[in-house]
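Every chain is numbered from 1, with letters handed out A, B, ... down the list of sequences. Just so you know, these numbers come straight off a predicted model, no measurement behind them.
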Number of protein chains: 2
Amino acid sequence: MSFPPRYRAKSRVDLSGEESRAKAVAVATELFATAGFKGTSVAAVAAKTGLSQSGLLHHFPSKAALLAAVLEERDRQDGDFLTGTTAPPLGWAAFDSLTALAARNSTRPHLVGLFVRLAAEAVEPSHPAHTWVQQHYAGIRGWLTEAVQAGKDRGEIAADAPVGTVVRTTIAVIDGLQQQWLLQPGEVSMTADFEAFVGTLRARWSIVGSG
Amino acid sequence: MSFPPRYRAKSRVDLSGEESRAKAVAVATELFATAGFKGTSVAAVAAKTGLSQSGLLHHFPSKAALLAAVLEERDRQDGDFLTGTTAPPLGWAAFDSLTALAARNSTRPHLVGLFVRLAAEAVEPSHPAHTWVQQHYAGIRGWLTEAVQAGKDRGEIAADAPVGTVVRTTIAVIDGLQQQWLLQPGEVSMTADFEAFVGTLRARWSIVGSG
DNA sequence: GTCTATATTTCGATAGAC
DNA sequence: GTCTATCGAAATATAGAC
């Protein structure tokens, strides 16, 4: 038999509290992904977490703070994939990494839904996720731009390939396929379609013998 | 000097009422485009229209009915462009029509924002615009699929071109470029980027001498 | 056709007990 | 850390006068 909570040593981490918080973030991710930020109430997150509304707001001072925690967690899960500590892939290898990312996302509809919903909502500068969305796009744009430029430098990608257009179009394909995938679950393969798109890019801009 | 309204002939169309309704639809389009459906209040639409909330709800029994009117008007403005009475363009000409549509949309941020916002929101089956969004995608998918297939039949597009993938990717590029265009106003040309994308498709799937 | 007034929920957030 | 209770604001929608 263990001591009741109030007799625990002060230095002990309150795991139960941490778990509640983590569960709330997971629940909020799911609800934000399906109903959006505006369309999700704090009460709904609390109920599905198994807390009262006040109990939830003990961990997050406001709804916006809850969103911030959700985005932070998303970045933590996804961040290492493209911008991790390992050297970023360059040239066509970067597109292969994006294909792998598409395959990975195909198993995580919640994170895809979260991004699609928030990217659309947060177009407005006043939206609490606006800065995050802008930074997300700036990040992947910069990452891919460097990869394409490096591909040119090493003679893998044609020197006259329009870097900006290729980068923007590639990002557009990923985003657009996600939208269709969410709308037609099971009928679309983001991975296969993106792979085919990369194939057309290679056919157009590869330097023969290196692609 | 004209008679006061109550003495007008009964059969006369009340233009002032029609105008209020039309203005409300225009205002709602703008607000739905920027703040989304969930994020826009009936009161906000009424205020910007110059009506009281009840005055607005006289024309539309509910907020969902207002949305329906907005979508109907959007379809009316856009419908004739791709699916009009004229014969639909076939083969590569269909992609040129899409380029023209991109150019046209570049002058109408409200309608682009409306679509991007609603397409993301209405992924959920319970959203009042869900059916509309699904029908919109089904429509453009069918339209483009027929065009590509016809391009094959007339020997314009390679017989081994993957129709479904080309169609889905093309739609994805349009949607994705719209998202980036909304997020980076002025820094992106949807038209130029889409045109370049069509160029890569042509380079890959054109039958020499006919593209 | 438009208004004022109001009914009814639901929202985000706070106060204070345990 | 979690709860009950509650506040104030904002939401959709309705009733009835003009």
Side-chain angles (χ1 to χ4, degrees), chain A residues 2-25 27-28 31-32 35-70 121 126-129, chain B residues 2-28 31-32 34-70 121 126-129:
Chain A
S2 62
F3 289 116
R6 69 165 61 91
Y7 293 118
R8 283 177 186 159
K10 232 181 168 184
S11 61
R12 186 187 178 282
V13 175
D14 193 325
L15 281 183
S16 159
E18 278 298 313
E19 282 166 3
S20 286
R21 196 195 130 99
K23 181 166 186 184
V25 169
V27 167
L31 294 185
F32 288 167
F37 177 70
K38 279 268 186 185
T40 300
S41 68
V42 176
V45 177
K48 197 156 189 175
T49 304
L51 286 177
S52 71
Q53 187 172 340
S54 299
L56 174 65
L57 287 179
H58 166 75
H59 297 283
F60 314 94
S62 71
K63 191 186 180 186
L66 174 59
L67 173 62
V70 166
E121 268 190 45
S126 61
H127 194 283
Chain B
S2 62
F3 289 116
R6 70 167 58 91
Y7 292 119
R8 283 175 184 160
K10 233 181 168 182
S11 61
R12 185 188 178 280
V13 174
D14 193 325
L15 281 184
S16 159
E18 278 298 314
E19 284 166 0
S20 286
R21 197 194 130 99
K23 180 165 185 183
V25 169
V27 167
L31 294 185
F32 288 168
T34 52
F37 178 69
K38 278 269 185 185
T40 299
S41 69
V42 176
V45 177
K48 196 157 189 174
T49 305
L51 287 176
S52 71
Q53 187 172 339
S54 299
L56 174 65
L57 287 179
H58 166 75
H59 297 282
F60 313 93
S62 70
K63 191 187 179 185
L66 175 59
L67 173 62
V70 165
E121 268 190 46
S126 61
H127 194 282

If you go through the side-chain atoms of B/Ser54, does one of them form a donor-acceptor pair with the base of C/dA5 closer than 3.5 Å? yes
Atom CD of B/Gln53 to atom C1' of D/dA9: distance rounded to whole Å? 14 Å
Does B/Ser41 put a side-chain nitrogen or oxygen below 4.0 Å from OP1 or OP2 of D/dA11? yes
Separation between CZ of A/Phe37 and CG of A/Leu67, rounded to the nearest 0.5 Å: 5.0 Å
Using a cut-off of less than 4.0 Å, is there contact between a side-chain N or O of B/His58 and OP1 or OP2 of C/dG1? yes
Whole angstrom is fine here: how far is it from CG in A/Leu57 over to P in C/dT14? 8 Å
Let me confirm one number: the NZ-NE2 distance from B/Lys38 to B/His127, rounded to the nearest 0.5 Å. 7.5 Å
In A/Leu31, A/Leu66, A/Val27, the residue satisfying side chain to side chain contact (heavy atoms under 4.5 Å, CB included) with A/Thr40 is A/Leu31
Write down the distance between CG (B/Leu56) and P (C/dT4), rounded to a whole number of angstrom. 14 Å
How many Å lie between CZ on A/Phe60 and P on D/dG1, as a whole number? 11 Å
Roughly how many Å is it from CG in B/Leu51 to P in C/dT4, rounded to a whole number? 11 Å
If you round to the nearest 0.5 Å, how far is CG of A/Leu51 from CZ of A/Arg21? 12.5 Å
Starting at CG of A/Leu66 and ending at P of C/dC11, how long is that distance when rounded to a whole Å? 14 Å
Rounded distance in Å - NZ (B/Lys38) to P (C/dG12): 11 Å
Sugar-phosphate only, base, or nothing, as touched by B/Thr49 at under 4.0 Å among non-hydrogen atoms: nothing
I need the NZ-C1' distance between B/Lys63 and D/dT14, as an integer number of Å. 18 Å
Does B/Ser62 make a side-chain N or O approach to OP1 or OP2 of D/dT12 shorter than 4.0 Å? no
